[in-house]
> 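Please see the structure below; I have some questions.
None of the values given here were measured: they were computed from a predicted structure. Note: hydrogens, waters and symmetry copies are ignored here, and every other heavy atom, side chains too, is used. Both ligands and their constituent atoms are indexed starting at 1 by order of listing. Position 1 is the first residue of the sequence; numbering continues from there.
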Amino acid sequence: MSAPISTGPAPDPAPAPRPAPGSVPLDLSGRTALVTGAAGGIGRACALRLAAAGALVRAVDRAAGGLDELTEAARGLPGRVEPRLLDLTDLDAAEAAAAGTDILVNNAGLQLVRPLEEFPPDVFHTVLTVMLEAPFRLIRGALPGMYAHGWGRIVNISSVHGLRASPFKSAYVAAKHGLEGLSKTAALEGAPHGVTSNCVNPGYVRTPLVERQIADQAAAHGIPAERVLTEVLLKDSALKRLIEPEEVADAVLYLCGPQASFVTGTSLVLDGGWTAH
Ligand code: NAD
């Protein structure tokens, strides 16, 4: 008699626990999260979602007004928002602020749209500091605690510009490509300690950062501001709308939840089909 033919992979000797069917609300009570750039846009949406799931959220930003407003908005949620006024160019302070966090959302960012030959070197340096070096220092500050607990979630808010370039955005594209590499390295080093690291890569999100860009893009491309959305920003997007900050926050929460325990070192692209081209 011939040997039985295997029809699939050998059974996993230690299968991962399966989540119960149905949608179980994510419970992050007892977890401490740190979100940078939490005073507005995507960071604010992430901080509110994490607090709604029960986490204690250290909300880091240099904008005091937005932090006050966020703290007010979070009242009544199961978790709590703890505002931390901090400029991330103070790298030592950034690293210290991350100690003891279980969830780190590297989100703060800034943008300048300018041709390379006119791009101010000091702005290039600041963009790289806030969007690449600060995430490195925050990860560095958070990892010892995460390793000690055997659990951690690092979520890096990258962009389509972590995977693709656009003209006039040299610093931003360079920083986001660097963040992708940092995130993958953290995934490889963190895996034996229960720490995952991933990027979330939105297309254009309805935030102040994008609203500010419209005027800059109009000048750079020599077209009126009202044509920038369809002809420049959403030119390569199959879905012709901006994505909402709350939709990005939902992706961040997914990466913190049990359904994503095997997801690490990857980039979760929310780009309306932009990179399908
Ligand atoms: P935003 O301008 O609304 O918010 C950015 C926040 O970062 C602000 O609150 C700002 O005060 C803070 N920040 C900037 N520099 C800082 C510093 N030195 N120290 C402390 N805080 C600082 O921007 P957003 O659109 O919500 O962007 C958040 C992240 O999402 C960024 O990393 C951005 O690159 C990324 N992203 C945005 C879009 C988009 O279309 N808006 C698309 C893809 C990726």
> For E247, which of R49, R206, R241 qualifies under salt bridge (charged side-chain N to carboxylate O under 4.0 Å, His left out)?
R241
> Between atom NZ of K235 and atom CG of L229, what is the distance when rounded to the nearest 0.5 Å?
13.5 Å
> Flag yes if L28 and M146 sit in one hydrophobic cluster, no otherwise; membership is Ile, Leu, Val, Met, Phe, Trp, Tyr, and two members link when side-chain heavy atoms are under 4.5 Å apart.
no
> Is a side-chain donor or acceptor of D90 paired with a backbone partner of A93 at a separation under 3.5 angstrom?
yes
> Would you say the side chains of N156 and S158 form a donor-acceptor pair under 3.5 Å?
no
> If you count heavy atoms of other groups shown closer than 6.0 angstrom to NZ of K240, is the number above 12?
yes
> Tell me which residues fall inside the under-4.0 Å heavy-atom shell around ligand 1.
G37, A39, G40, G41, I42, D61, R62, L86, D87, L88, N107, A108, G109, V130, I157, S158, S159, Y172, K176, P202, G203, Y204, V205, T207, P208, L209, V210, R212
